[in-house]
Number of protein chains: 2
Amino acid sequence: MNIYDISRAAGVSIASVSRVMNGAGNVSEKTKQKVMAAIEATNYRPNAYARALGSGSMKTIGIMCSDSTDIYLANAIYYLETALRKKGYHSILCCTGYDLKNKKASLDLLRSQQVDAVIMAGSKYVELEPRNNQYIIEAAKHFPIMLINGAIEAENVYATVCDDGYGTKEAVGKLCGSGCREFIYIYSSDSLSGRNKLAGLSAGCRECGIGSASFRVVQSGKNYRDVAETLEREYRERPFDAVITSSDTTGVGAVKFALRRGLSIPEELSIVSFNNSILAESTVPELTSIDSRLKELCDRTVRSLMKLLDPGEGESTVPKCTVLRPRIVARETTRF
Amino acid sequence: MNIYDISRAAGVSIASVSRVMNGAGNVSEKTKQKVMAAIEATNYRPNAYARALGSGSMKTIGIMCSDSTDIYLANAIYYLETALRKKGYHSILCCTGYDLKNKKASLDLLRSQQVDAVIMAGSKYVELEPRNNQYIIEAAKHFPIMLINGAIEAENVYATVCDDGYGTKEAVGKLCGSGCREFIYIYSSDSLSGRNKLAGLSAGCRECGIGSASFRVVQSGKNYRDVAETLEREYRERPFDAVITSSDTTGVGAVKFALRRGLSIPEELSIVSFNNSILAESTVPELTSIDSRLKELCDRTVRSLMKLLDPGEGESTVPKCTVLRPRIVARETTRF
DNA sequence: TTGTACGCGTTATCAC
DNA sequence: GTGATAACGCGTACAA
């Protein structure tokens with residue numbers, strides 16, 4: 001069942017069929033009716049591949065994420081996919097893992113698949129070593145690349161990020177204001193976003209007059225046990241009364257540490273985590289968490305992308321980097 | 001840069017180029033070398049759309065899930081996507097929501113996109129009203145449909161499910177064996193999987209001699225507060241000493257209920273949840289959870305699908321329905 | 001307004 | 001083993 005069959009059934013040319021299918025204006029009502037009738041009758045659907053070959057697009061966007069299992073990224077995928085579909089685009093998903101080689105291979109795969117653009121979700125896509133980002137810059141010569149929570153300066157690469165540093169800085173301020181004096185920041189993996197968080201922490205401590213002796217930074221494994229054990233070790237060395245964590249996952253680990261050690265929250269220990277995901281509400285007491293405003297990050301990314309893909313009339317330019325401010329959502333692990 | 005350019009550069013016909021690209025055996029080493037050289041030199045990539053038009057496939061599988069935000073489904077997506085990519089297939093994701101109309105529209109969209117098959121992840125795709133599954137049966141005339149944790153009897157539809165009822169039955173047995181006498185089952189939404197869980201519960205109670213008076217079934221909202229409040233209300237009416245929940249999310253709500261009411265776990269109250277996701281490990285105490293063996297469900301689904309898509313030599317047939325047994329992972333909310 | 005004819009870049013099927 | 005060449009199905013100038 002192809003366009004020729006329809007044209008025959010309707011008694012018109014394939015050009016007319018095509019025009020009707022694509023909503024071109026210059027068709028008489030009569031032919032339109034005939035074509036529509038033939039289409040309905042035969043349940044005809046145009047061949048997507050042939051259409052793509054002609055138009056050069058299948059209206060698909062590649063979405064790269066390290067790991068859809070990560071709650072933060074799972075949310076990003078949801079927001080992105082639904083927003084894109086609303087705009088008539090399909091999403092090809094690639095869970096790339098954290099290995100650079102695999103990230104490269106995935107981007108390459110998406111390029112072979114002729115996607116219209118690629119969205120890279122998560123700060124893990126911008127490598128700390130600049131030359132390791134070359135593959136992104138290279139790919140961006142062929143289609144736009146949208147970064148969520150990561151930024152690199154390059155042609156045809158656009159970024160939408162949350163000002164993580166602002167969030168941690170504010171957290172320090174509020175914790176300090178509620179009486180905390182001895183801080184510890186715990187994170188599990190290094191990234192640009194992580195460095196921003198650290199910068200914010202330092203700034204916050206400076207503002208509050210917290211000396212570097214009272215502000216520790218430690219790294220631990222990702223799982224709850226590692227986090228709890230790391231904190232336990234640190235606490236024994238010198239007690240702290242405020243924990244800031246790089247994610248809700250780490251935050252859950254912090255709660256576990258406190259409960260097992262018998263520290264009362266938030267009287268003896270305050271905890272602020274990051275991302276404000278469902279995990280933050282899963283613990284008792286519930287975690288005060290810095291909301292990185294993921295939905296808005298995703299929506300803006302899609303909006304920018306649409307502007308890039310069909311420039312339309314509104315000749316507004318797309319900003320190379322959009323920055324959003326996080327918001328602290330106070331719950332039960334702080335005395336805010 | 002197309003296949004003609006390469007053929008010209010290599011001094012061979014496009015047919016030879018095509019053969020080299022697709023690894024056909026009957027090419028002399030010499031031509032192969034020439035073609036390879038030309039490809040390398042020009043960085044040539046075949047046009048995916050043209051290729052699809054000729055071959056009739058872009059090697060893409062549609063993955064439908066209600067909501068990638070759901071941890072269970074997020075995991076499914078990860079397992080499916082990585083397994084498919086390993087087999088040379090791309091994944092088009094569709095987060096359809098729970099509304100039948102949107103599910104239909106999504107399946108239709110995937111069909112328009114000419115995917116090679118569709119995987120429907122989650123028990124929410126099989127409607128309780130049989131005629132509402134007609135759209136699946138209809139679509140299966142055009143490509144195979146793989147159901148994960150849902151089953152319907154139809155041509156070209158294949159299912160891989162976890163025997164949820166076995167899990168709940170075993171849970172009742174173990175709870176009873178550890179001294180529990182007053183049971184309550186709490187769930188948030190109806191589905192075939194849910195009914196299987198219920199059937200298992202009934203069977204378990206019968207075996208253990210637990211009368212229907214000591215086995216309540218209640219429904220609540222999805223969020224923690226609803227779950228906790230529902231349990232609170234029920235507890236006031238008549239106390240129970242064992243809670244079984246339809247998911248880990250509900251399980252977390254149960255833990256919250258117990259902690260806020262000051263019930264000691266597992267002494268005064270045992271809890272068994274379902275899915276064994278990260279949520280089960282996020283609470284204190286950690287949840288004993290029924291592992292629905294999602295990774296294996298996904299792997300088997302992909303394996304079956306591959307058999308269907310390229311039948312190859314091994315003329316083994318693909319089973320219409322594969323059933324896996326869940327496993328109980330004991331943690332801190334039970335006295336197993 | 002409508003129809004013809006060609007281009008898109010492959011794959012597959014023939015001859016040789 | 002290799003090379004022509006016909007599909008593949010649609011979009012779209014261009015002609016009518």
Side-chain angles (χ1 to χ4, degrees), chain A residues 1-39 42-60 88 90 109 111-116 142-143 310, chain B residues 1-39 42-60 88 90 111-116 142-143 309-310:
Chain A
M1 192 53 57
N2 60 29
I3 201 170
Y4 292 95
D5 298 320
I6 302 300
S7 81
R8 214 172 302 128
V12 298
S13 74
I14 62 158
S16 290
V17 177
S18 174
R19 281 190 273 261
V20 171
M21 294 285 314
N22 299 308
N26 49 345
V27 197
S28 74
E29 193 55 35
K30 204 168 155 190
T31 23
K32 200 172 187 173
Q33 294 302 330
K34 287 193 288 187
V35 172
M36 291 296 246
I39 290 177
T42 58
N43 227 308
Y44 165 70
R45 291 155 176 263
N47 181 300
Y49 303 145
R51 178 174 257 185
L53 182 57
S55 69
S57 160
M58 284 251 286
K59 300 269 229 171
T60 45
H90 304 259
L109 212 60
R111 186 177 153 204
S112 306
Q113 195 74 350
Q114 243 106 320
V115 296
D116 296 319
H142 304 96
F143 44 69
D310 32 71
Chain B
M1 192 53 58
N2 60 29
I3 201 170
Y4 290 97
D5 298 321
I6 303 301
S7 82
R8 213 172 302 131
V12 297
S13 74
I14 61 162
S16 290
V17 177
S18 175
R19 281 190 274 262
V20 171
M21 294 287 314
N22 299 308
N26 49 345
V27 197
S28 75
E29 194 56 35
K30 205 170 157 188
T31 20
K32 200 172 187 173
Q33 293 302 331
K34 287 194 287 186
V35 172
M36 291 296 247
I39 290 176
T42 58
N43 226 309
Y44 163 71
R45 289 156 176 263
N47 181 299
Y49 303 145
R51 175 174 262 182
L53 182 58
S55 69
S57 160
M58 282 252 286
K59 300 270 228 170
T60 44
H90 303 261
R111 187 177 152 204
S112 306
Q113 194 74 351
Q114 242 106 319
V115 296
D116 295 320
H142 304 97
F143 44 70
L309 293 181
D310 34 71

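Model, not experiment: these values are computed from the prediction. Throughout, protein chains are lettered first and strands after them, A, B, ... in sequence-line order, and every chain is numbered starting at 1.
Scored by the side chain to side chain donor-acceptor pair (under 3.5 Å) test, Ser57(A) finds Asp116(A) as partners (sequence neighbours excluded). By the side-chain contact (heavy atoms from CB on, under 4.5 Å) test, Ile39(B) is found to be paired with Ile6(B), Met21(B), Val35(B), Tyr44(B), residues two or more places apart in sequence or in another chain being considered. Legend: residues meeting side chain to side chain donor-acceptor pair (under 3.5 Å) with Asn22(B), ordered by chain and number and at least two apart, are Ser18(B), Arg51(B). Every side chain to side chain donor-acceptor pair (under 3.5 Å) that Ser112(B) has, sequence neighbours left out, goes to Arg45(A). Residues that satisfy the side chain to side chain donor-acceptor pair (under 3.5 Å) test with Thr31(B), not counting sequence neighbours, are Ser28(B).
Considering all non-hydrogen atoms of both residues, Ser13(A) and Ser7(A) come closest at C-CB, 3.6 Å. For the residue pair Tyr4(B) and Ile14(B), the shortest heavy atom distance occurs at CD2-CG2, 3.6 Å. When every heavy atom of Tyr49(B) is checked against every heavy atom of Gln114(A), the shortest pair comes out as OH-O, 2.6 Å.
A heavy-atom distance below 4.0 Å to DNA chain D is reached by these residues of residues 5-13 of chain B, ordered by number: Val12(B), Ser13(B).
Atom OG1 of Thr60(A) sits about 10.0 Å away from atom NE2 of His90(B), to the nearest 0.5 Å.
Axis angle between the ends of the helix from dT1(C)-dA16(D) to dC16(C)-dG1(D), five pairs each and rounded to 10 degrees, works out to 40°.
Using a 4.5 Å heavy-atom threshold, the side chains of Asn2(A) and Asn47(A) count as separate.
Counting only residues at least two apart or in different chains, salt bridge (charged side-chain N to carboxylate O under 4.0 Å, His left out) contacts with residues 8-35 of chain B comprise Asp5(B)-Arg8(B).
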Item to complete: Using a 4.0 Å heavy-atom cut-off, write out nucleotides 5-16 of chain D from 5' to 3' as B (base contacted by protein), S (sugar-phosphate only) or - (no contact).
Response: B--BBBBB----
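Taking the 5' to 3' direction, DNA chain C first and last meets chain B under 4.0 angstrom from a heavy atom at dG9(C) to dT11(C).
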